[in-house]
2 protein chains.
Amino acid sequence: MPDHIVRHHGVMTEDGTSKSLGTPEGTDHHGADWNDAFQWDSREDCEVRQILDRIADKWSLLVIALLDDRTLRFTELRRLIDGVSQRMLTVTLRQLERDGMVRRTVYPVVPPRVDYELTALGRSLHATVQALVVWTERHQEDIIVARDRFDRALEPIAAVTAATAVTAGE
Amino acid sequence: MPDHIVRHHGVMTEDGTSKSLGTPEGTDHHGADWNDAFQWDSREDCEVRQILDRIADKWSLLVIALLDDRTLRFTELRRLIDGVSQRMLTVTLRQLERDGMVRRTVYPVVPPRVDYELTALGRSLHATVQALVVWTERHQEDIIVARDRFDRALEPIAAVTAATAVTAGE
DNA sequence: CGGAATCCACGCCGATACTG
DNA sequence: CAGTATCGGCGTGGATTCCG
């Protein structure tokens, strides 16, 4: 048995909710005691959560990063972002424009020319987003190692499960 | 015509790619000149992008925020996160465990007790994530205002479109 | 060139039932 | 209590077509 899974033995009570293992206040654990510690609002309809879902979007982060300090045309963005479809790029840019992150400029020429650039709000977001990107770059090795450990720890379990099934089946 | 949409008039050429509007180097714009400016890798199979997609996940952010400095049981997390299904919480926690963000501790008691807590890696991520949350909280008003402006600017266009359709139809 | 609109497939996710 | 397994809806997003 890998001891990093079961790291500590409980009191072997039949009640997992026993106070001897923590949980001081019983069931009343989601009242004011966690909320006042500047934890954010967990409600589903919370504005912050909706906004986070939007900016944490798969393509939004890329667009914001690429538009930093330079103006790009639609097709340029399309080329720079590997794997994005025309539809998703359009949708993403519209959302970012709606949220005030991106300014869209249409030139009345033919064929059309449309430029996209970050607004002040978008640039301020970029700084924070960049911090997240930097964190990811600096820790990606740790994450890869953790994944390998996790996956290798799981393989033997799968093997045992298969063997058990065979044994039980015959 | 709202002038904030067409903010600047081009040269009225028939070629939207005209150099007179910018784009100094012509089509060779995605070579080394943008990549060496510490811009991140835009390739779809890039590790950083995959990891970002994961941690920017709808539920992951909440779980990481809630596990900061405290250990929680499965059911506690379930109660604290409004709207999460048992399935998604399980999946999210497994992914976070696999990525080395969360430590899962199983107590061999009946009924089972499972504790979740952040690892050192998870805590370091939390700091960065928190910055993003703080940014969102501080700018949510700006975003709401921007959305209202955008939506109100769009309504008259829709009205004109409908009127035009009626006129053309009769 | 930069979209908008339509169609459709795939995958995510919720609901439900069952297990240890 | 803390899951796993299975099914099914439906939303997301890709491919395609057409337009200004």
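Residue numbering restarts at 1 for every chain, and letters A, B, ... go by the order of the sequence lines. The figures here come from the full heavy-atom set of this structure, side chains too, leaving out hydrogens, waters and symmetry mates. In this text, all values refer to a predicted model and were calculated from it rather than measured experimentally.
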- [ ] Starting at the 5' end of nucleotides 3-13 of chain D, put B wherever the base has a protein heavy atom under 4.0 Å, S where only the sugar-phosphate does, and a dash everywhere else.
- [x] BB-B------B
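- Side-chain atoms of A/Thr119 never come within 3.5 Å of backbone atoms of A/Arg103 as a donor-acceptor pair (strictly under, hydrogens ignored).
- Looking at residues two or more places apart in sequence or on another chain, you find no side-chain hydrogen bond (donor to acceptor under 3.5 Å, both in side chains) involving A/Thr90.
- A salt bridge links B/Asp115 to B/Arg113: at least one charged side-chain nitrogen sits closer than 4.0 Å to a carboxylate oxygen.
- Going from atom CZ of B/Arg78 over to atom P of D/dC1 covers 10 Å, rounded to whole Å.
- Contact check on B/Asp151 versus B/Arg149 returns no salt bridge, with no Lys/Arg side-chain nitrogen under 4.0 Å from an Asp/Glu carboxylate oxygen.
- When rounded to the nearest whole Å, the span between CZ of A/Arg73 and P of C/dG3 equals 10 Å.
- Rounded to a whole Å, the CG atom of B/Leu154 is 10 Å from the P atom of C/dA4.
- We find that A/Arg147 and B/Asp99 are joined by a salt bridge, their nearest charged nitrogen and carboxylate oxygen being less than 4.0 Å apart.
- When rounded to the nearest whole Å, the span between CG of A/Leu89 and P of C/dC1 equals 14 Å.
- What you find for A/Tyr116 and A/Leu67 is that their closest heavy atoms are O-CD2, 3.4 Å.
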